[in-house]
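This report concerns only the one structure given below.
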Amino acid sequence: MQPAAVPHTLVAQRWQQLWREAVRDPRELLALLGLEGAGLGISDEATAQFPLRVPRGFIARMRHGDPDDPLLRQVLPLDAEMQPMPGYSLDAVGDAAAKAGHGVIRKYRGRALLVTTGSCAIHCRYCFRRHFPYAEETAAAAGWREAVELIAGDSAIDEVILSGGDPWSLATPKLAELTDALAGIPHLKRLRVHTRLPVVLPERVDEALLAWLRALPWPVTVVLHANHANEFDAQVDEAVARLRSAGATLLNQAVLLRGVNDSVDALAALSERGLAAGVLPYYLHQLDRVQGSSHFEVSDETALRLHRELAARLSGYLVPRLVREVAGDPGKRPL
Ligand SMILES: *Cc1c(COP(=O)(O)O)cnc(C)c1O
Ligand code: SF4
């Protein structure tokens, strides 16, 4: 006799298990890296404000015993985050003002950005979302209905961008619920996904996700987020290859971060390593001035110099556009 079939939504997928096993205690993270006594200025207050979260597979790519590791710097909650800085705000990019409906942000012509979820597999300390009440503001929370109606009612929108949080932190059937509803909208021509999951938890790119991707009725662009060449490993390469074989175009956006990638060598290595995996650079973002992130800031002068040197070193298609997001602008502003 066959065992009764279990609906697959009730069985935790492997990636969901790995997600739950992420490290959330800064002391455990430091112990795993042999940095227990390193006196790095870990802040309990910063951890309480925006908890540490980092998948174990990502930790495995950090250098053991190196307090300056570029991957570690991105996730470590430090005392420096709690020093108030003039000019650094809670909503640095004007998301509150650009809200068009529950979880829908409408800033640029033709594009609607959906805040699908507030969850991420990793918590990046420089993230402008650390203060935004995304948990209550997601499109999913309103059952997608309001977001879908808003997009259906505006024929000027031809591209939907799934963002968050990380849209691929949603279970695949939940994503299919949304795209099934969007598929009925005749003026939609493109779908884009902004996700860091294939980089930080490549196991997310499983058969179910690929089947969902292959069935979508639009050309799909997946914009990854990796800031350093060391974020790529064999598993990330494989995840990217699978996404490409499912028909997606792969791009990468990075944030220029002091102590992480603020050198020509690091930026060139990121572009070259991305290309080796099958990803072209898209944007290099100047940091959004969000409270708690000022220790990552690189001056515009330095950013421009790095970008010029990068352009002098690499093939044109390996040079990302250096941009800043300015509230009220019609697009990302080139520096
Ligand atoms: C960045 C962003 C986009 C996408 O802009 P592109 O320049 O097309 O990548 C769309 N909507 C919002 C709200 C954004 O912040
Ligand atoms: S939204 Fe992106 S940058 Fe922000 S914490 Fe999540 S993964 Fe990191």
Side-chain angles (χ1 to χ4, degrees), residues 19 22 49-55 58 71 73-77 81 91-101 103-132 134-135 137-139 147 151 156-170 189-201 204 221-228 231 249 251-257 260 280-288 290 292-293 296 320-334:
W19 176 296
Q49 187 192 79
F50 187 47
L52 174 102
R53 171 175 271 284
V54 51
F58 194 77
L71 278 54
R73 301 311 297 186
Q74 295 179 51
V75 299
L76 213 52
E81 293 178 26
D91 177 20
V93 292
D95 274 0
K99 190 183 140 189
V104 184
I105 300 179
R106 191 86 166 78
K107 279 189 187 166
Y108 306 146
R109 186 156 184 244
R111 286 149 286 177
L113 184 142
L114 286 195
V115 179
T116 54
T117 167
S119 303
C120 294
I122 190 168
H123 286 175
C124 315
R125 306 313 299 178
Y126 51 84
C127 183
F128 67 89
R129 292 180 166 111
R130 60 185 289 165
H131 303 292
F132 205 72
Y134 279 100
E137 288 290 334
T138 67
I151 294 162
I157 298 171
D158 59 11
E159 178 171 355
V160 167
I161 302 172
L162 307 187
S163 182
D166 198 311
W168 280 353
S169 62
L170 293 170
K189 297 201 184 83
R190 289 177 294 281
L191 187 80
R192 203 196 304 186
V193 183
H194 283 181
T195 176
R196 191 150 158 67
L197 264 161
V199 174
V200 300
L201 192 73
R204 174 63 186 102
T221 304
V222 175
V223 184
L224 301 177
H225 172 184
N227 300 310
H228 194 279
E231 290 175 49
T249 298
L251 301 173
N252 183 58
Q253 52 185 344
V255 183
L256 185 57
L257 299 166
V260 173
L280 283 174
Y282 182 37
Y283 282 138
L284 177 61
H285 293 271
Q286 261 296 43
L287 189 76
D288 296 315
V290 53
S293 68
F296 286 115
R321 269 162 274 182
L322 176 64
V323 293
R324 153 168 293 130
E325 184 160 353
V326 180
D329 268 22
K332 309 285 186 250
R333 182 186 290 188

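Whatever order the structure lists them in is the order used to number ligands and atoms, beginning at 1.
Residue Ile161 has at least one heavy-atom neighbour below 4.0 Å for each of these atoms of ligand 1: 3 (C), 4 (C), 10 (C). Interface atoms of ligand 1 facing Arg192, defined by a heavy-atom separation under 4.0 Å, are 4 (C), 6 (P), 8 (O), 9 (O). Listed by number with element, the atoms of ligand 1 under 4.0 Å from a non-hydrogen atom of Glu325 are 15 (O). Each of the following atoms of ligand 1 lies closer than 4.0 Å to a heavy atom of Ile105: 13 (C). Taking every heavy atom of Arg196 and a limit of under 4.0 angstrom, the matching atoms of ligand 2 come to 7 (S). Remark: ligand 2 atoms within the under-4.0 Å shell around heavy atoms of His225 are 3 (S). Below 4.0 Å from some heavy atom of Arg111 lie the following atoms of ligand 1, by number and element: 5 (O), 6 (P), 7 (O), 8 (O).
For the pair Arg204 (side chain) and Trp168 (backbone), a donor-acceptor distance under 3.5 Å is present. Proximity of a side-chain donor or acceptor of Thr116 to a complementary backbone N or O of Ser163 within less than 3.5 Å is detected. Using modelled atom types, one side-chain atom of Arg106 and one backbone atom of Tyr108 make a donor-acceptor pair closer than 3.5 Å. The backbone N or O of Lys189 sits nowhere less than 3.5 Å from a side-chain atom of Asp158 that would complete a donor-acceptor pair. A donor-acceptor contact shorter than 3.5 Å links the side chain of Arg111 to the backbone of Arg109. Formation of a donor-acceptor pair under 3.5 Å by the Arg196 side chain with backbone atoms of His225 is found in this model.
Nearest non-hydrogen protein atom to atom 5 (S) of ligand 2 is Cys124 N, 3.5 Å. What sits closest to atom 14 (C) of ligand 1 on the protein, heavy atoms only, is Lys332 NZ, 3.1 Å. Taking atom 7 (O) of ligand 1 as the reference point, the nearest protein heavy-atom neighbour is Tyr283 OH, 2.6 Å. When hydrogens are left out, the protein atom nearest atom 12 (C) of ligand 1 is Leu113 CD1, 3.6 Å; that is the closest non-hydrogen contact.
For atom 4 (Fe) of ligand 2, the N/O/S atoms of Cys127 include one lying under 2.8 Å. Atom 6 (Fe) of ligand 2 lies under 2.8 Å from an N, O or S atom belonging to Cys120.
Residue contact annotation: Glu159 has no non-hydrogen atom under 4.0 Å from ligand 1. Heavy-atom separations between Gln253 and ligand 1 are all 4.0 Å or longer. Heavy-atom separations between Ile122 and ligand 2 include at least one value shorter than 4.0 Å.
Checked by distance only, ligand 1 and Tyr282 come closer than 3.5 Å through their nitrogen or oxygen atoms. At under 3.5 Å, not a single nitrogen or oxygen of Lys107, backbone or side chain, sits near a nitrogen or oxygen of ligand 1.
No side-chain heavy atom of Thr221 sits under 4.5 Å from any side-chain heavy atom of Arg190. Residues Arg53 and Cys120 have side chains not in contact (no heavy-atom distance under 4.5 Å, counting atoms from C-beta outward). For the pair Val104 and Leu114, the minimum side-chain heavy-atom distance is below 4.5 Å.
With hydrogens and angles left out, the side-chain atoms of Gln74 and Glu231 include a donor and acceptor closer than 3.5 Å. Glu325 and His285 share no donor-acceptor pair across their side chains, judged by distance under 3.5 Å alone.
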